[in-house]
Amino acid sequence: MTLPAAATAPLADTRRDTRLVQRFALWGAAAIAVFAVVMAVLLGRFMEQQMLARDAAVSRDFVQSVARTQRLDSAIDVGGHPAAITEFVKHLSDLPEVLRVNLYSTERRVIWSSDEALIGQTFAENDELDEALAGAVVVHSAHGPGQPDKTEHVRLDAQDPEYVENYVPVLSADGQKVVAVVELYRRRAALLAAIHQGQRLVWLSATGGGLFLFLCLLGFVWRTQAQLREQQRRLVEADALALVGEIAAAVAHSIRNPLGSIRSSAELQRELAGDPDGHHDDVMRHVDRIEQLVRNMLSYAAPASDTPAQCDLDPLIQQAAERSRADLARQQKAFVLVHEAPTGHVGADALLLTQVLQSLLSNAAEATQAGHCVTLRACRDGTHAVIEVQDDGVGMPASERTEAFRPFYTTKPRGLGMGLALAQRVALRLGGDIHLDSSPGTGTCVRLRLPLITPPTP
């Protein structure tokens, strides 16, 4: 028997969910990658500018200190004292990693340089020099070989891989005006190495952060998708419950009275004329089986009761064992009961659990042939009761195991597909679980775990 179309239609959304995750993974990864790259570039440039600006500020303080010590403003104002200017430039030239020192007057002329060939020259179109003459400390940039030089870069050693160009204004003694500008060319290998290391760290952090963000969002989408699937499953179950309720009500109303009459007639005939061939017993057994199917449907569709219920499992197990032993004996099948009493009490209705046990035993009986054996085991495992029904019948392939608990799914010609579905529904209602272990040719074992409760005091 197959599922109704209303119950199977939502199951087709699995591929759609997979495509949703794939689209999110593609677009989410692209968006986060773009964001991470932009942030890494901006942060890298910001860090480079800040570190170069800080280094330039330190150079400014040093230059200003030396200028005050050498009274550079007085030497420039009187237009002489080249010895003072030479000593000033020499102090700066002795700094570590200095490539060149140029000293500009306020008229933009090189009044002294560590490269004597530049003394007296004037270089036009120098925006950085104009800013420095206005009182600002300017960091031109880091250069590499092969990049075009400005006019004032002539005679600079082009073999240096990178250097930093700083324009530092020299203020008067009262700090009110700019009297000269010092242009420093420095390799700054340690500084540039620190900048590059920091930029690598920024890129690694941006990459790691983007990956972490992507995984978090992907996990959120997976979790949301799982919740949507669970909601779809509940909708399918609700549709199935409604259908089962309608079928059960119609069947119960239509055939229960005729079934009662048929069973009564079979019992009366057996009492009056005997039953040497067992035909009357067969009629009664089949009537009981139909009645059991109707009860299963009604129990499955019934909503959970608000009234707390409890029952002792031991008598239910014994009653189910006695009934199954007699039925299996008539079919020339063996029955074994392994019961470690006391099993305990569970919070469920006794009639409902009886139906569950009977359904599991009936499934095992139908899966076996004459000469086979059905085993019922019951024991207590900590805070749970464990009930196992095992048979050595034909077993089930993996494709059937994944569908076994679905309502109306059955491979039996006369089956309804409600036994395992009812058992699973009862187990989930009580906070337990049910597992199916089976493979072709090795039989089937159904393991039902139910949480125990404390029995009421008499």
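Nothing here was measured: the structure is a model prediction, and the numbers come from that model. Numbering starts at 1 and runs along the sequence shown.
- Between L436 and M396, the closest side-chain pair of non-hydrogen atoms falls below 4.5 Å.
- The line from CG of L92 to CG of N102 is 11.0 Å long, rounded to the nearest 0.5 Å.
- When side chains are defined from C-beta on, Q197 counts as touching R200, because their heavy atoms get closer than 4.5 Å.
- Contact between P342 and D314 at its shortest, heavy atoms only, is CA-OD2, 3.2 Å.
- When the side chain to side chain donor-acceptor pair (under 3.5 Å) test is applied to T122, no partner is found at least two apart in sequence or on another chain.
- In this view, D130 and R108 satisfy the salt bridge (Lys or Arg N to Asp or Glu O under 4.0 Å) rule, not counting sequence neighbours.
- Among residues two or more places apart in sequence or in another chain, the side chain to side chain donor-acceptor pair (under 3.5 Å) test is passed with S114 by none.
- Q64 is linked by a side chain to side chain donor-acceptor pair (under 3.5 Å) to nothing, counting only residues two or more places apart in sequence or in another chain.
- Applying the side-chain contact (heavy atoms from CB on, under 4.5 Å) rule to L217 yields the partners F24, I32, L213; only residues at least two apart in sequence or on another chain are considered.
- Taking 4.5 Å as the limit, every side-chain heavy atom of V101 sits out of range of all side-chain heavy atoms of W112.
- Taking all atoms of both residues into account, the shortest heavy-atom contact from V178 to T106 is O-CG2, 3.4 Å.
- Nearest heavy atoms, I119 versus S113: CG1-N, 3.6 Å.
- Atom CG in L43 sits 11.5 Å away from atom CD in Q50 (nearest 0.5 Å).
- Residues satisfying the side chain to side chain donor-acceptor pair (under 3.5 Å) test with S438, not counting sequence neighbours, are T444.
- Residues passing the side-chain contact (heavy atoms from CB on, under 4.5 Å) test with A350 are C311, L316, sequence neighbours excluded.
- Among residues two or more places apart in sequence or in another chain, the side-chain contact (heavy atoms from CB on, under 4.5 Å) test is passed with Q199 by M47, E48, I195, H196.
- For the pair P169 and V137, the minimum side-chain heavy-atom distance is below 4.5 Å.
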Checklist entry - How far apart are the C-alpha atoms of V374 and H372, what are their side-chain angles, what is the distance that settles it, and do they pass the side chain to side chain contact (heavy atoms under 4.5 Å, CB included) test? => result CA-CA 7 Å; V374 175; H372 288 172; over 6 Å; no
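- Sorted by first and then second residue, the salt bridge (charged side-chain N to carboxylate O under 4.0 Å, His left out) pairs with a member in residues 378-392 read R377-E388, E388-R447; sequence neighbours excluded.
- Annotation: Q227, atom CD; neighbour count of heavy atoms from other residues, nucleotides and ligands within 6.0 Å is above 12.
- Of all heavy-atom pairs between A427 and L448, the closest is CB-CD1, 3.6 Å.
- The side-chain contact (heavy atoms from CB on, under 4.5 Å) test applied to V38 returns V34, L42, not counting sequence neighbours.
- In this structure, R109 and I111 have side chains that are in contact, with non-hydrogen atoms separated by less than 4.5 Å.
- Taking the side chain as every heavy atom from C-beta outward, L450 and V386 never approach each other to under 4.5 Å.
- With sequence neighbours left out, the salt bridge (Lys or Arg N to Asp or Glu O under 4.0 Å) criterion links D433 to R449.
- Scanning all heavy atoms of the two residues, the minimum distance from V110 to L118 falls at CB-O, 3.4 Å.
- Residues I317 and L337 are in side-chain contact: their nearest non-hydrogen atoms beyond the backbone lie under 4.5 Å apart.
- For the 3.5 Å distance criterion, the side chains of N126 and Y104 fail to qualify, holding no donor opposite an acceptor.
- The CG atom of L430 lies 11.5 Å from the CZ atom of R425; values are rounded to the nearest 0.5 Å.
- The distance from the CD1 atom of I387 to the OG1 atom of T343 is 7.0 Å, given to the nearest 0.5 Å.
- The minimum heavy-atom distance linking A132 with Y167 is given by the pair CB-CB, 3.7 Å.
- Between the CG atom of L133 and the CD atom of E128 there is a distance of 11.5 Å, given to the nearest 0.5 Å.
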Return all side-chain donor-acceptor pairs below 3.5 angstrom for residues 201-208, not counting sequence neighbours, or 'none' if the list is empty.
from : atom 1 : to   : atom 2 : distance (Å)
S205 : OG     : L201 : O      : 2.8
T207 : OG1    : W203 : O      : 2.8

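- Atom CG of residue L171 and atom CZ of residue R60 lie 9.0 Å apart, to the nearest 0.5 angstrom.
- S359 contributes a side-chain N or O that, together with a main-chain N or O of Q355, makes up a donor-acceptor pair within less than 3.5 Å.
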